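To find a chain, count down the sequence lines: A is the first, B the second, and so on, and within it residues start at 1. What's counted below: heavy atoms across the whole structure, side chains too, no hydrogens, waters or symmetry copies. A quick note: this is a predicted structure, and the numbers were derived from the prediction, not measured.
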2 protein chains.
Amino acid sequence: MKITFLPQNITWEANTGETILQAAVKAGVNIDGNCAGSGTCGKCKVKVLEGDVSQCDDHHHKLTEDEIEAGYRLACCHQVTDGMVIEMPESETTASRKKKLIRLPEGFVPKAAVTKQCIEVPAASLRNQNSDEARIKGAFPAEDLYFPLETLLKLPDITKNSEEITITLRDGEVIDAESGNTERENYGVAVDIGTTTVVIMLWNVVSGEMIDIFAATNPQGAYGADVISRITYVMEQEENLDTIQKTIIDCINKAVSAFAEREGIKTSNIYQMTVVGNTTMSHIFLGVNPAQLALAPFTPVFTAAVDTAAKDLKLTICPEAQVHVSANIAGHVGSDITAGIITTDLMECDKGHLFIDIGTNGEIVLTGNGRAVACSTAAGPAFEGSSIKQGMRAARGAIERVDILDSGVEIATIGDAQPIGICGSGIIDAVGEMIRVGIVDKSGRLLSREKLVKKGLSENILRHVKEGEKANDFVLYFSEDGKSDVVITQKDVREVQLAKAAISAGITIMMKEIGVKEDQLAKISIAGAFGNYIRNTSAIHIGLLPKIEEEKIHSLGNSAGIGASMILLSCDSKEEAEKVAREIEHIELAARSDFQDQYMMAMMF
Amino acid sequence: MKITFLPQNITWEANTGETILQAAVKAGVNIDGNCAGSGTCGKCKVKVLEGDVSQCDDHHHKLTEDEIEAGYRLACCHQVTDGMVIEMPESETTASRKKKLIRLPEGFVPKAAVTKQCIEVPAASLRNQNSDEARIKGAFPAEDLYFPLETLLKLPDITKNSEEITITLRDGEVIDAESGNTERENYGVAVDIGTTTVVIMLWNVVSGEMIDIFAATNPQGAYGADVISRITYVMEQEENLDTIQKTIIDCINKAVSAFAEREGIKTSNIYQMTVVGNTTMSHIFLGVNPAQLALAPFTPVFTAAVDTAAKDLKLTICPEAQVHVSANIAGHVGSDITAGIITTDLMECDKGHLFIDIGTNGEIVLTGNGRAVACSTAAGPAFEGSSIKQGMRAARGAIERVDILDSGVEIATIGDAQPIGICGSGIIDAVGEMIRVGIVDKSGRLLSREKLVKKGLSENILRHVKEGEKANDFVLYFSEDGKSDVVITQKDVREVQLAKAAISAGITIMMKEIGVKEDQLAKISIAGAFGNYIRNTSAIHIGLLPKIEEEKIHSLGNSAGIGASMILLSCDSKEEAEKVAREIEHIELAARSDFQDQYMMAMMF
């Protein structure tokens with residue numbers, strides 16, 4: 001059953017009964033999606049150009065009438081028919097949103113490690129029998145150039161066809177040689193390997209401009225949603241490490257091919273790659289066994305930066321390109337944190353600067369009083385929407401903001417779409433507001449209608465309190481037919497409570513460790529897209545962040561991606577990142593006798 | 001048809017009609033031999049332990065009655081029968097002869113580039129969560145160690161199994177890590193790739209002792225006997241370069257396996273390899289296209305030293321081992337000459353020191369008056385026995401020395417065996433003696449009996465002058481039945497004349513170039529085994545060497561192999577070799593208008 005995907009023009013032989021999404025995954029075509037095919041996120045929308053579109057079940061309420069009319073369907077729900085031609089939705093919007101999150105700090109000055117230079121090479125003659133290599137060296141009398149084997153292999157053809165050649169230099173090493181003048185074709189790729197999402201950025205190293213960006217779901221998800229399940233997979237059989245490493249290498253190679261096609265560049269003109277990610281992602285990317293990271297004492301094999309040649313990892317860029325895996329800080333504080341830190345002035349601040357990355361693991365770094373400490377704390381997936389009844393990733397239709405006013409409950413969704421669930425920032429906002437107006441008490445209990453009435457809450461608010469399965473729910477959105485309401489349950493509040501307690505306890509211990517009090521905190525930097533979306537006051541209300549003036553809280557955007565790009569573009573940033581990773585002291589919370597106490601205390605709102 | 005080779009215990013399915021030698025080549029078993037299967041050199045003697053030995057033709061006169069009785073046969077003449085078991089002859093003798101030619105200069109001090117150190121690594125715990133890498137680094141507080149990927153991949157297993165580990169360091173790079181104490185297992189391999197013979201030496205880098213030596217016919221011979229025919233082969237089809245490169249890599253890997261088996265070492269404990277050879281051999285070894293070397297202006301792709309990782313060349317030693325291809329001087333003056341020079345005091349001598357390597361190409365280096373110049377000159381194969389009627393390589397039964405006395409002609413053969421031909425040193429000696437006693441005149445003519453009678457030569461000498469096919473021959477050895485006489489023909493003398501003229505003209509031009517006269521020459525160093533065997537006075541008589549006192553002539557032995565070993569064992573020697581290659585000026589004889597004149601003049605004896 002033939003199916004073709006455009007614009008990639010990839011044709012695949014699908015099996016009867018398969019959905020478009022299943023076929024796409026097998027064909028290696030990336031389709032967005034957050035709900036794992038349950039038809040709830042609506043992100044896998046594709047346009048059926050040819051083939052049967054009669055199928056149109058109830059999941060299609062994620063599509064407008066106009067969209068359905070135009071042939072749009074959800075790839076996760078729609079079955080393949082023979083000869084089907086699918087057009088992928090413009091990923092333009094996603095890419096441009098991702099692109100906005102990558103902004104180099106003001107005053108950042110690129111300092112390229114790789115340079116290209118076009119030179120004239122005299123032809124050989126009986127009077128100048130110097131080797132090809134020696135005649136090229138002649139153009140650089142002051143430098144001591146070295147030709148690695150890969151470049152020597154290319155020289156005969158290049159010097160035969162052209163007297164004008166361009167050589168590519170890294171630390172005196174001639175990593176490439178080409179006919180003609182290609183000085184401007186000097187590219188680098190920065191990679192941020194998240195457990196869930198991989199962001200791959202193409203930069204022109206000469207101009208310091210981002211040329212293109214590619215974001216994909218981490219294909220390792222097929223072997224487990226979180227790092228522990230992926231490590232477990234690796235431990236099952238010896239060949240699994242190779243398998244899972246290959247998926248991420250393939251993903252990056254696919255991005256590189258897409259860049260080449262979309263931007264009209266040669267992949268062999270990509271001379272550098274910088275990779276950041278959590279410590280497990282760093283290990284798997286290099287094919288280093290991460291098993292130790294899943295068992296106490298959670299010792300990584302390496303933390304320092306690793307440089308290796310692209311050819312050794314089968315990356316389809318210049319074979320001699322240096323692939324730089326940035327330094328990790330500890331087993332559960334990875335190079336994504338290192339990269340994030342260099343985008344800030346954290347290390348220069350001596351007054352108390354808190355850096356925090358909120359996810360399944362909360363990574364916390366605190367500087368002050370001449371020290372820099374870091375820890376990671378297991379927050380669980382609540383802030384990623386996973387353990388929340390109607391939680392979802394930050395995608396179209398997710399409630400991202402909640403205001404509880406006397407006049408009622410006001411919500412905002414991503415893409416101003418019809419609400420279909422609630423994402424991390426929405427959960428924090430909802431619970432924060434529920435605490436602020438008193439719907440949830442300090443112990444985390446959703447109060448009964450009676451108690452709320454006594455508190456004098458308006459009927460406009462009270463009507464949102466509804467009896468749920470075991471306790472009351474708080475309805476954020478009433479659907480027309482009552483079947484698709486979006487609610488916060490008592491259990492959801494408990495999940496938030498556990499998650500925020502883990503992070504809050506971590507912060508408290510870091511502050512105790514270096515002797516910084518809450519009122520001494522000068523700045524909080526929030527890493528990741530998350531920081532851009534959460535309402536700071538709500539984060540403070542639920543006790544996720546210390547009490548601090550709002551203007552002292554800064555969202556860093558995709559700080560890991562920005563940091564990776566800085567390391568790619570500047571030797572100084574690269575050096576700084578290694579220094580950061582070396583200087584930060586890691587504190588293992590599990591080894592602290594005071595952690596459990598702090599955790600219990602932090603449970604209260 | 002099954003055949004088994006001992007002691008390697010390699011079994012091979014041979015075809016009917018194949019000789020033992022043919023089967024051995026296909027099975028990858030190395031059997032010595034110089035006559036390419038013509039049954040004349042007798043070097044491919046093997047013992048048939050099982051199988052039909054009834055076949056015993058006339059070639060077997062290379063074997064004694066006792067040997068035939070004991071089951072010895074010539075592998076090149078004896079056909080395989082099913083179930084045959086062959087025992088290879090003790091190559092002990094060959095190896096020990098080769099070993100004698102490798103003697104490090106007095107006062108040579110090894111200075112290893114690779115060192116091993118056994119350390120205690122503390123176990124990881126919640127109080128010491130440092131990565132495996134960081135805990136190892138802890139043992140070297142003063143050093144800035146770097147772990148390449150290959151080593152990181154090994155760490156988890158090693159740190160798990162042992163707290164005592166041994167790390168291998170090169171320039172701060174940790175190229176290997178092993179459980180337990182393996183400090184003494186630190187090996188290196190020096191390789192001298194001759195066009196005809198490959199010599200591979202195993203050294204213990206710690207003790208500076210040679211452990212083993214392996215000499216084999218260069219398997220590239222299958223694609224051409226000389227460099228030009230091999231380059232032609234490479235130019236025929238694109239994949240031929242890979243094919244011919246693979247033969248030499250395989251040959252070295254075979255030696256490495258043999259070392260491991262014979263000496264009980266691990267191939268992964270070989271951390272360095274140094275390779276020397278002529279410029280074409282250097283190119284082919286690295287897989288760099290040598291085509292340019294066959295065409296004017298004979299420009300190599302590279303001359304500087306090349307360092308590459310063993311894994312990139314598929315050499316079966318430590319994957320991160322550095323393979324160092326020493327610096328060549330020019331297209332026809334290779335790194336075998338560079339290596340040879342560092343075994344001498346050539347570069348320090350300012351009085352006129354001539355270094356000469358005599359083969360198909362004569363490479364000549366001359367220092368004096370503050371300069372160092374080199375050239376190569378096409379001598380042809382006469383001195384290797386190839387264009388000489390009864391010429392052969394220096395092997396058992398070759399006449400290597402000739403004395404023409406009043407009492408008659410006295411000869412000596414290699415191995416004191418029955419004479420079967422004449423090798424290079426024997427040819428020079430024979431012609432030198434024939435000139436000294438006047439059998440050959442200055443123009444190179446073999447005088448008639450009448451003229452010799454007039455000159456008063458004794459009948460003991462005269463009886464050796466016999467009528468040949470076109471002119472007189474000079475008989476060196478009369479066989480009993482008259483069928484296997486060994487003679488020097490008029491044409492042989494002409495071949496010697498041409499060969500010596502090329503070398504002599506080269507020497508003259510070098511001397512002119514830097515202004516050193518014959519009586520100013522302080523020293524002549526003769527590279528290669530050849531120098532050990534030629535009689536200096538004869539070489540002077542035929543005009544191959546300038547007239548100089550005999551004590552000023554020095555034989556260097558296998559100077560290429562010695563130099564390669566020095567480069568392997570000492571960073572200082574490695575540096576010196578690069579300096580030598582850089583400082584020597586190459587003179588292209590083909591570009592000199594005076595070369596033809598000199599060549600014609602040098603033709604006279």
**Report entry** Pick from B:L286, B:N289, B:L155 with the largest number of heavy-atom pairs that fall under 4.5 Å of chain A
**Finding:** B:L286
Report task. Without swapping roles, check the side chain of A:Y146 against the backbone of B:V306 for a donor-acceptor pair under 3.5 Å. Result -> no
Report summary line: Bottom line for B:T159: the part with an atom under 4.5 Å from chain A's heavy atoms is side chain
Query raised in the report: Is A:E133 reaching over with its side chain to a backbone N or O of B:V301, donor-acceptor style, under 3.5 angstrom?
Result: no
Query raised in the report: Given a strict heavy-atom distance threshold of 4.5 Å, which part of B:A330 is in contact with chain A: side chain, backbone, both, or neither?
Result: neither
Query raised in the report: Contact part of B:A291 toward chain A, heavy-atom cut-off under 4.5 Å: side chain, backbone, both or neither?
Result: neither
Query raised in the report: Side chain, backbone, both or neither: which part of B:H283 has a heavy atom under 4.5 Å from chain A?
Result: neither
Query raised in the report: In terms of heavy-atom pairs under 4.5 Å with chain A, which of B:L126, B:N328, B:L313 leads?
Result: B:L126
**Report entry** Structural part of B:K154 lying under 4.5 Å from a heavy atom of chain A
**Finding:** neither
**Report entry** B:D312 and A:E150, any side-chain heavy atoms less than 4.5 Å apart
**Finding:** no
**Report entry** B:P156, part contacting chain A, at a heavy-atom distance under 4.5 Å
**Finding:** both
**Report entry** Shortest non-hydrogen separation from B:A124 to A:T299 and the atoms involved
**Finding:** CB-OG1, 3.1 Å
Query - Validation row: B:D132, A:Q292 side chains within 4.5 angstrom (heavy atoms) - result: yes
Query raised in the report: With only heavy atoms counted, which part of A:D307 is less than 4.5 Å from chain B, the side chain, the backbone, both or neither?
Result: both
Query raised in the report: For A:P297, does its backbone N or O pair with a side-chain atom of B:Q129 as donor and acceptor, under 3.5 Å?
Result: yes
Query raised in the report: Given a strict heavy-atom distance threshold of 4.5 Å, which part of B:I136 is in contact with chain A: side chain, backbone, both, or neither?
Result: neither
Query raised in the report: Near A:E238 CD, under 6.0 Å, is it more than 12 heavy atoms from other residues, nucleotides or ligands?
Result: no
Query raised in the report: Got a second to check how far B:S131's OG is from A:L293's CG, nearest 0.5 Å?
Result: 10.0 Å
Query raised in the report: More than 12 non-hydrogen atoms from neighbouring residues, nucleotides or ligands closer than 6.0 Å to CD on A:E585, yes or no?
Result: yes
**Report entry** chain B contact via A:K160 - which portion, at a heavy-atom distance below 4.5 Å
**Finding:** neither
Query raised in the report: Would you say B:L149 and A:V288 make side-chain contact, with heavy atoms under 4.5 Å?
Result: yes
Requested in this report: Step through the shown structure and confirm whether more than 12 heavy atoms of other residues, nucleotides or ligands are within 6.0 Å of NZ on A:K311.
Outcome: yes
Report summary line: Counting heavy-atom pairs under 4.5 Å with chain A, the top scorer among B:T308, B:L152, B:T279 is B:L152
